[in-house]
Amino acid sequence: MREQRREREKPRPANPSMKLGSSDSSTSDDLTVTAHDVPGPKESPAPASLGPVASQPDKSSTKAVVVIVIVTALALGLIVLLWWLWGGK
């Protein structure tokens with residue numbers, strides 16, 4: 001009963017897989033439409049370098065940073081050790 005009511009209110013199309021014909025009745029083969037390739041963006045040359053770029057910092061400045069980090073870590077470790085030994089609560 002429900003299906004009959006739906007059919008009355010919203011009838012189905014006569015043939016959902018109907019073929020659309022062309023005005024030229026001599027071609028009975030299926031036609032295929034192809035899309036053309038869209039050209040991609042053009043490759044631009046790399047920008048010119050403004051000058052030599054240092055790939056690595058000076059070795060002396062790198063060693064200085066390492067020394068500073070080690071000294072800071074040792075100092076903090078000594079402060080924590082003294083605080084722990086002298087009764088930090």
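These figures come from a predicted structure and were not determined experimentally. Note that the numbering runs from 1 along the sequence shown for the chain.
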Checklist entry - Residues sharing V66's hydrophobic cluster, by side-chain heavy-atom contacts under 4.5 Å among ILVMFWY, directly or via others? => result I70, L74

Checklist entry - Do L76 and V80 touch side chain to side chain, with heavy atoms closer than 4.5 Å? => result no

Item to check | Residues in side chain to side chain contact (heavy atoms under 4.5 Å, CB included) contact with L78, at least two apart in sequence or another chain | outcome: L82

Checklist entry - Who else is in the cluster with I68 when I, L, V, M, F, W and Y are joined by side-chain contacts under 4.5 Å? => result none

Next on the checklist: Heavy-atom count check: over 12 atoms from other residues, nucleotides or ligands less than 6.0 Å from E7 CD?
Outcome noted: yes

Checklist entry - Should side-chain heavy atoms under 4.5 Å link Ile, Leu, Val, Met, Phe, Trp and Tyr, which residues sit in the same cluster as V71? => result V67

Checklist entry - Does E3 have any salt bridge (charged side-chain N to carboxylate O under 4.0 Å, His left out) partners at least two apart in sequence or in another chain, and if so, which? => result none

